[in-house]
Novice: 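Input: one structure, supplied below.
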Amino acid sequence: MNFLLTASGLRNETLRDALRDMLGKPFGSANVVFVPTASLAEPGDHGWMVADMNRLYGLGWRQFDILELNGLPRQMVLDRLLNADVIYVEGGNHYHLARSVTGNGLADGFVEALENRVYVGVSAGSMIFSRHLTEHSADVIGDTTDLHVLGATTVQPPFGLFDWYLKPHLYSPDFPERDDAWADRIVARADFPIYFIDDETAVRVRDGKVDVLSEGRWRFHP
């Protein structure tokens, strides 16, 4: 399995080059499927999502598909994932995204699709693979509001592939509270490893090996 877990998408050449390398062929010879599900649970202006989708589209794919995880037959969703070379999952509410995977019975088929494809996550799309994606981590991180807005108090990790948690947008001007002091407070409460990454960084998982690619700043606390 190959993952490129970003905070804000393919924002720089380092991350785009990493995807080219993981894909093993030009973007123009590959299919990508864009999954906006997490963004649909976010209120307000969605210009950030449109901008990221346009940036991805601009790479010049052979086929650019858009797939919503809710409301379609399960097999249709899985077939569309299997038709892609790159599965690109947008940001938004990570609890809504996780609940969409589990609620629609997609987890096993999703993992099967990932065995021979490259997964690119953006923010929420990068957070759903941790086994620590639970109501406990929501309390530790301080984002229980994002869970409660869904009318939920609990969440199950849909995949549980990683024993570490990823928190995006460190130092981001769009999230001015996410500075070192914010990260320090979370670390003091956490009982699990955490990567904090800024908008120019990605955690790459390639055949089980984890490393960090960055033109910005990041922190890891084991």
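Each residue takes its place number in the sequence, starting with 1.
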Novice: Short question: side chain of R189, backbone of V140 - any donor-acceptor pair under 3.5 Å?
Specialist: yes
Novice: For F159 and V111: C-alpha separation, side-chain torsions, deciding distance, then whether side-chain contact (heavy atoms from CB on, under 4.5 Å) applies.
Specialist: CA-CA 8 Å; F159 304 110; V111 169; 3.5 Å; yes
Novice: Is there a side-chain contact between V120 and V89, using heavy atoms and a 4.5 Å cut-off?
Specialist: no
Novice: Is there a donor-acceptor contact under 3.5 Å from the side chain of T201 to the main chain of W218?
Specialist: no
Novice: Find the distance between CD1 (I66) and CZ (R80) and round it off to the nearest 0.5 Å.
Specialist: 9.5 Å
Novice: Students often mix this up, so state it plainly: with edges at 30° and 60°, are the rings of Y57 and F64 parallel, tilted or perpendicular?
Specialist: perpendicular
Novice: Determine yes or no for a side-chain-to-main-chain donor-acceptor pair under 3.5 angstrom, with S39 supplying the side chain and M49 the backbone.
Specialist: no
Novice: Could you tell me whether D180 and R219 make a salt bridge, using a distance below 4.0 angstrom between a side-chain N and a carboxylate O?
Specialist: yes
Novice: To the nearest 0.5 Å, what is the distance between OG1 (T37) and CG (L69)?
Specialist: 3.5 Å
Novice: Tell me, with the steps shown, if Q156 and T102 meet side-chain hydrogen bond (donor to acceptor under 3.5 Å, both in side chains).
Specialist: CA-CA 8 Å; Q156 291 182 327; T102 57; 5.4 Å; no
Novice: Given 3.5 Å as the limit, does a donor-acceptor pair link the side chain of R117 with the main chain of A84, or not?
Specialist: yes
Novice: Looking only at atom types and distance, does a side-chain atom of W61 sit under 3.5 Å from a main-chain N or O of G58, one as donor and one as acceptor?
Specialist: no
Novice: Would L81 and L106 satisfy side-chain contact (heavy atoms from CB on, under 4.5 Å), going step by step from the backbone distance to the final call?
Specialist: CA-CA 11 Å; L81 295 175; L106 298 172; over 6 Å; no
Novice: Check step by step if side-chain contact (heavy atoms from CB on, under 4.5 Å) holds for F3 and V118.
Specialist: CA-CA 6 Å; F3 300 84; V118 181; over 6 Å; no
Novice: Quick check: do E200 and Y171 have side-chain heavy atoms less than 4.5 Å from each other?
Specialist: no
Novice: Can you tell me if S137 uses its side chain to pair, donor with acceptor, with the backbone of T134 under 3.5 Å?
Specialist: yes
Novice: So H96 and N70, do their side chains get closer than 4.5 Å, heavy atoms only?
Specialist: yes
Novice: Look at the aromatic rings of F129 and F162 and report parallel, tilted or perpendicular, splitting at 30° and 60°.
Specialist: tilted
Novice: Where the side chain of R11 meets the backbone of D52, is there a donor-acceptor pair that is under 3.5 Å apart?
Specialist: no
Novice: Can you tell me how far OG of S130 sits from CD1 of I194, rounded to the nearest 0.5 angstrom?
Specialist: 9.5 Å
Novice: With the side chain counted from C-beta on, respond yes when V35 and E90 share a heavy-atom pair under 4.5 Å apart, and no when they do not.
Specialist: no
Novice: What pair of heavy atoms forms the shortest contact from E68 to V77, and how long is it?
Specialist: O-CG2, 4.3 Å
Novice: With the threshold set at 4.0 Å, does a side-chain nitrogen-carboxylate oxygen contact exist between R62 and D85?
Specialist: yes
Novice: Where the side chain of D143 meets the backbone of D146, is there a donor-acceptor pair that is under 3.5 Å apart?
Specialist: no
Novice: Should the pair D163-R131 be classified as a salt bridge under the 4.0 Å nitrogen-to-oxygen rule?
Specialist: no
Novice: Taking only Lys NZ, Arg NE, NH1 and NH2, and the carboxylate oxygens of Asp or Glu, determine whether R16 and D21 approach each other closer than 4.0 Å.
Specialist: no
Novice: Any carboxylate oxygen within less than 4.0 angstrom of a Lys/Arg side-chain nitrogen, looking at R20 and E13?
Specialist: yes
Novice: Quick check: does any side chain N or O of D199 sit under 3.5 Å from a backbone N or O of S172, one acting as donor and the other as acceptor?
Specialist: no
Novice: Under 30°, 30 to 60°, or over 60°: which ring-plane class applies to F175 and H169, parallel, tilted or perpendicular?
Specialist: parallel
Novice: Could you walk me through whether L147 and T153 pass the side-chain contact (heavy atoms from CB on, under 4.5 Å) check?
Specialist: CA-CA 6 Å; L147 181 59; T153 56; 5.6 Å; no
Novice: Below 30° counts as parallel, above 60° as perpendicular, anything between as tilted: where do the rings of F192 and Y165 land?
Specialist: tilted
